[in-house]
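Here is the structure we will look at, set down as structure tokens.
Proteins come first, then strands; the chains are lettered A, B, ... in the order of their sequence lines, and each starts at number 1.
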2 protein chains.
Amino acid sequence: MKRLPPLNALRAFEAAARHKSFTAAASDLFVTHGAVSRQIRQIEEFLGRRLFERLPRGVELTDEGREYAAVVRRAFEQMAEASDAIRTRADEKQILTISTTPRFAVGWLMSRLHLFQRDFPQYGIRISSTTRLVNFERERIDVAIRYGRGNWPGLSVTRLFDHEEVPVCAPALLEGPNALRSPEDLARVRLLHDGSYQYWKSWLEFAGIDNVDPHEGWVMDDPNVMFQAAIQGQGVALSNPRTIETELRDGKLVRPFDIVLATDVAAYAVCPEQNADDPKIRAMIEWLVAQAEAQE
Amino acid sequence: MKRLPPLNALRAFEAAARHKSFTAAASDLFVTHGAVSRQIRQIEEFLGRRLFERLPRGVELTDEGREYAAVVRRAFEQMAEASDAIRTRADEKQILTISTTPRFAVGWLMSRLHLFQRDFPQYGIRISSTTRLVNFERERIDVAIRYGRGNWPGLSVTRLFDHEEVPVCAPALLEGPNALRSPEDLARVRLLHDGSYQYWKSWLEFAGIDNVDPHEGWVMDDPNVMFQAAIQGQGVALSNPRTIETELRDGKLVRPFDIVLATDVAAYAVCPEQNADDPKIRAMIEWLVAQAEAQE
DNA sequence: TATTAATGTGAGTTTTAATCACAGCTATGA
DNA sequence: TCATAGCTGTGATTAAAACTCACATTAATA
């Protein structure tokens, strides 16, 4: 076979030809314009011909460049199409089953999962949300995301992020004559509890507040219900800020004070040790870690 | 455009599919089998499918892999063909003119130049061999290779290798009753001089030989003629072993003793300073340096 | 049973590519 | 007409990717 030009540079050339601009191609490829400029030069040196005319504002393809770009684009399209055909082949599509808590599913996973699907169209996704500990084999779970201390024998354990607790409430509670200003003001509002009084008790101790009764308020067994109550202004809930990211960003919930209780539990991605090398499981766990890191 | 797999890995896949072997593909691509193994895995993880069946002796394409390989190969062929068409386009082909001494041309450059041409088919090559110092502009020289001390003002100078001198002769001179055994035996054979007695004089001084008259022997003004004389067994010549590589390898000439005289001159690639950035000149000089280094 | 001819892989190194920050160019518009 | 905005080019540095090495593993072959 005849010698091929540097392939990554060729892809940069294709993008530049499509945009008629190095800068636009660069942002298309998520690199800087300098990287594209170097790669185009590589191709031009390889071919011994200019492919672009350099103009003061942008670039323009030479005749040769235009012809070449057409061939290159067609070749890339064929490759992309063939790759895509394999990746999205519906028959015998592999299903990746994720088990997690309902809150984590709604508050963290859902808003990100389309990104995984975009990068890995070859896998079907199934989400099984339960607070129970799962039997991987019987329930056909590939990856579970669980809070704990990471000591699960027989399982491959990957830490995602620490679990911290911070009070959150509807923004309306920060306004008016009874507005929450300091932690002591919690005595005047309803506490929302997730299953047990324990969490608020620990937080109040940590914050050094003694005028607030941790047994006051409502207890709900479904955290999603609890957060809906908080959004409606029914009281103040405790939450890991990471799992209510969207609510915080949209302003549905706010953090009245920045006293963050660190805990000794963390979110972990786990799977049976013997499956840790399965490509789809590895892909998912690596992706979860990357997402958790990106969130910081 | 749909997402493309890692392109260099794709090339490795193509080679592996062609050879039906990772090891063979590796040597084809001048890398180790480990590199190919990783790249194939990359592609397989990207696609979410095995492309090869792993057998104990070698690998075999899966049905999917076979289909995919066909598409990929065709796409690469299109790119290679289009690239080649531009690179070898005869009209307006750029000519690269190299000026060097006749000896260097015959003894070093000639045997390597096809490698340059293979990598850079887009340039036509012209060789101008003369011992004169050249006028780059008037004689349209792009790159000159010259011996000296590297102090040529106005020129961009790149050192290639040191010039050393060592005696060489036909292997026949090492046999029979009058065989050359030690440097002192040079008194019994003819010395072959390249233009001046100076070189032998320096070498004999360096070697500490005082029974040999450096003014003995034949003086030839063309080193190629001198080496022909040496090959025919007419005497012993002094030479830089680098420029008679092929004669040494073929056994036409041998080094009777390993006393190497280092000199203060070296071989340099030079070009006018203002042309040092010309792609074809840069390509040639970088290639000359790489060849000189490879020879060591 | 030892050998051979392959692929797979963890750790470390080398090579390659990308970034950053600044330079240079010129059409545009104040 | 002169500063500005919008590009591309590049030297030095940093970051990432690829490769190598050495060893492991496997099963056909001698």
Phosphate OP1/OP2 of D:dG9: any A:Ser37 side-chain N/O under 4.0 Å: yes
Which nucleotide in C:dA18, D:dG9, C:dT9 has an atom nearest any side-chain atom of B:His33: C:dT9
Rounded distance (Å) that lies between atom P of D:dT26 and atom CZ of B:Phe52: 21 Å
OP1 or OP2 of D:dT10 under 4.0 Å from side-chain N/O of A:Arg41: yes
Centroid-centroid distance, A:Trp287 to A:Phe120, less than 6.0 Å: no
N/O (side chain, A:Thr23) to phosphate O (OP1/OP2, D:dT8) under 4.0 Å: yes
Pair B:Asp84 + A:Arg3: basic N to acidic O under 4.0 Å: no
Distance in angstrom units between A:Phe30 CZ and C:dA17 P, rounded: 20 Å
Given DNA chain D, 5'-ward residue of the pair A:Lys20 and A:Asn8, judged by closest heavy atom: A:Lys20
Distance in angstrom units between A:Glu53 CD and C:dT26 P, rounded: 14 Å
Closest to side chain of A:Ala35, choosing from D:dT8, C:dT19, D:dT20: C:dT19
Sugar-phosphate only, base, or nothing, as touched by B:Val59 at under 4.0 Å among non-hydrogen atoms: sugar-phosphate
Rounded distance (Å) that lies between atom P of D:dA18 and atom CD1 of B:Ile43: 11 Å
Atom-pair distance (CD on B:Glu60; P on C:dA5), nearest Å: 20 Å
Any N/O donor-acceptor pair, A:Arg54 side-chain to C:dG24 base, under 3.5 Å: no
Between D:dT25 (P) and B:Phe22 (CZ): distance, integer Å: 20 Å
Pair A:His163 and A:Tyr147, ring centroids less than 6.0 Å apart: yes
Flag for A:Arg146-A:Ser99: side-chain donor and acceptor within less than 3.5 Å: yes
Heavy atoms from other residues, nucleotides or ligands near CD of B:Glu60 exceed 12 (cutoff 6.0 Å): no
Polar side-chain contact A:Arg38-C:dT19 base: donor and acceptor under 3.5 Å: yes
D:dC19 phosphate, OP1 or OP2, under 4.0 Å from B:Gln39 side-chain N/O: yes
Length of the CG-P vector between B:Leu55 and D:dT29, whole Å: 12 Å
Protein-nucleotide distance (B:Leu7, atom CG; C:dT16, atom C1'), rounded to Å: 15 Å
